[in-house]
Amino acid sequence: MALAPSPPAPARRAPPTAQIIPLRAVLIIPLCAALIVPLRAALIVPLRAALSAAGAHLPLSAAGAHAAPLTLSDVLSCARRSNPVHGAARAQALEAAAQQTGAALSALPTLSLSAGLAPLPARRMLQYCVGTDERVVVCPNQQINDDQRLDQLDGMGIFARAQVTLTQPLYTFGKLAHGRDAAEAGARAYEAGAAYAERALDVMAFEAYHGMQLSAQVESALQRGRGELGKFKRRVEESLRAERGEYSSNDVRRLVIQEADVTARELEARALRAQAQAGVRVACGLPPDDPVALAEERLRPYALTLPPLEALWAVARRERLDLRGLREGVGAREALARKALADQLPNVALLGLFTYSVGTSADDHPDPFANDPFNIFGYGFMLGLDWRLSVAELLSEPAQADAVAARARAELAGRERAAYLELSERHAQARRHEATLAAREEAARAGKQWMVASLMSKSAGLLTSDQATQSLTGYFTTSLAREQSIFEYNVAVARLWAAAGLDLAALAAGDLSPLAGAGAGAALPAPTGSQAP
């Protein structure tokens, strides 16, 4: 009797876990589409600006000069030290400080000295006597021709003359006080300008540091995904060789295409991270071959509750260095306007005079009251007026100074309006990124719960592989989108911090009290010289 052929044994299937876990590699495709392009726009553009503005001006240090991992405060300090604009602004501040010193010493007396030395022909003065008839006549034994011989060369001598004038101002109608006020306000304005220039690259340093953190997260995720994709492809190839009937050759081709795409995205992410490292390396003066390591690779959002715009504007008007410098500049120009008006009035001064001249070939004049320019010795003090009056300056200089002060007030008002618009824009962006990050956080939690539930359902045979793959893709996509949202939120907070005029060194050190201390009840003050924006 012929035996019926036994039914073919069902093909063995890999355990559900072995099929599902390698599918994490599928997350790479939507990840690359969602993150790589925004990453380039968010990181490389400010990085290139930082390189051109700061790094190219800082000489590189010796190899191995900075082996310790860099903190955000380290990168911020490096960017400030390498800022050439700060050096120029600091030199201007020193110049203004020197002018302030000169204005402070303007009450001291001034000394005017003139001296000269020249050849002097011989000069003889006739002696006069009273005759017997009580008339004044030339004394005996003198020649009339000996009276003046200044045009002859015989008997050539030396003529020396020195004159010193000492002026001690006693009352200047406010000129000295107004000059000191202008110099002090100008010094404070330049000092604020130097500090403002020092902080010019702060936001770029934050963008480079957080961008390096973000690129590290993306590169790590891409590496994990490529590894999982390679494992899955090897399992598919093994299944095809064993002819278990689970996969087809098209599955291998599809995985080869995906693996090549993931490899390209990984290389791009690695290049972005290398460029971010180069920006940090050049900013800190490290040699090109010095490895750059961050003290904190993980992106963490700032734990900060954003205050309302009105409270931030009150802080900005008080703390912004550009507004402070313009405000001091207005004070300096107003003081100069008052000084220009006082310059039209005389100065009450104490004058000291000393005159000495001698001619070796000139006799003393016989009359002690005669004006003899060749032999003089005299000194004395007097109380007088020092007044230089010009009708043209009287009519023009005060008006010009008032116009300059009015222009400075208008510039301050315009800058305050621009600062308010900048702050409101930064505040709106920070609010938007704060809300986006909260939504991303919720989506990441939901994606994780979806992934866990899908894996459990797939293990129980309730879901297909495609459905489980969707949950994995959704979880890892939302997780990395959350990382990008953290980067955007941190940069937005840094920009808002800078727009409020606060020092980013406190934010880099983790001190959030300056911005968090802005109360919600602060009113919106009107800018100087203008209405509220």
Side-chain angles (χ1 to χ4, degrees), residues 98-99 101-180 183 339-340 342-394 396-397:
Q99 293 177 354
T101 302
L105 300 178
S106 58
L108 297 179
T110 58
L111 187 67
S112 176
L113 171 64
S114 62
L117 187 66
L120 179 66
R123 186 189 73 157
R124 296 292 182 265
M125 300 295 298
L126 294 176
Q127 302 294 326
Y128 290 88
C129 301
V130 178
T132 56
D133 56 355
E134 298 184 352
R135 291 186 305 169
V136 178
V137 296
V138 178
C139 296
N141 302 323
Q142 295 187 96
Q143 296 294 330
I144 299 299
N145 295 332
D146 291 338
D147 189 16
Q148 296 287 345
R149 290 192 299 164
L150 295 179
D151 57 345
Q152 299 181 9
L153 297 179
D154 57 328
M156 181 73 68
I158 297 175
F159 173 67
R161 178 182 176 87
Q163 183 173 354
V164 179
T165 303
L166 183 69
T167 304
Q168 172 62 57
L170 300 179
Y171 186 73
T172 62
F173 294 93
K175 298 183 186 69
L176 300 182
H178 298 328
R180 285 193 297 268
K339 181 178 180 300
D343 283 339
Q344 312 307 317
L345 301 176
N347 296 332
V348 179
L350 181 65
L351 303 178
L353 302 176
F354 172 80
T355 302
Y356 176 77
S357 63
V358 59
T360 58
S361 59
D363 293 339
D364 293 336
H365 200 284
D367 188 352
F369 297 101
N371 183 15
D372 186 0
F374 298 105
N375 294 283
I376 301 175
F377 177 74
Y379 60 90
F381 294 91
M382 67 181 66
L383 186 66
L385 297 179
D386 182 14
W387 196 3
R388 178 179 177 274
L389 183 61
S390 171
V391 177
E393 294 178 357
L394 177 64
S396 64
E397 286 191 353

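Numbering of residues begins at 1 and proceeds along the displayed sequence. Values below: all heavy atoms of this structure, side chains included; hydrogens, waters and symmetry mates excluded. These numbers were taken from a predicted model, which means no experiment stands behind them.
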Which distance, rounded to the nearest 0.5 Å, do you find between the [atom1] of [X] and the [atom2] of [Y]?
X	Y	atom1	atom2	result
Lys339	Arg180	NZ	CZ	11.5 Å
Leu353	Tyr379	CG	OH	13.0 Å
Leu345	Thr172	CG	OG1	10.0 Å
Leu111	Leu166	CG	CG	6.0 Å
Phe354	Phe377	CZ	CZ	5.0 Å

Any idea which heavy atoms bring [X] and [Y] closest together, and the distance?
X	Y	answer
Ala107	Pro169	O-CG, 4.1 Å
Ile158	Leu117	CG2-CD1, 3.4 Å
Gln168	Leu108	OE1-C, 4.1 Å
Phe159	Phe374	CE1-CA, 3.7 Å
Leu176	Ser106	CD2-OG, 3.5 Å

#### Entry: Thr167 side chain near Asn347 side chain, heavy-atom distance below 4.5 Å
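Result no, sub-4.5 Å side-chain heavy-atom pair not found.
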### Message
Tell me whether Phe173 at atom CZ has more than 12 heavy atoms from other residues, nucleotides or ligands lying less than 6.0 Å away.
### Response
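Above 12, so yes.
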Is it true that a side-chain atom of [X] and a backbone atom of [Y] form a donor plus acceptor pair closer than 3.5 Å?
X	Y	result
Ser357	Ile376	yes
Lys175	Ala342	yes
Trp387	Gln344	yes

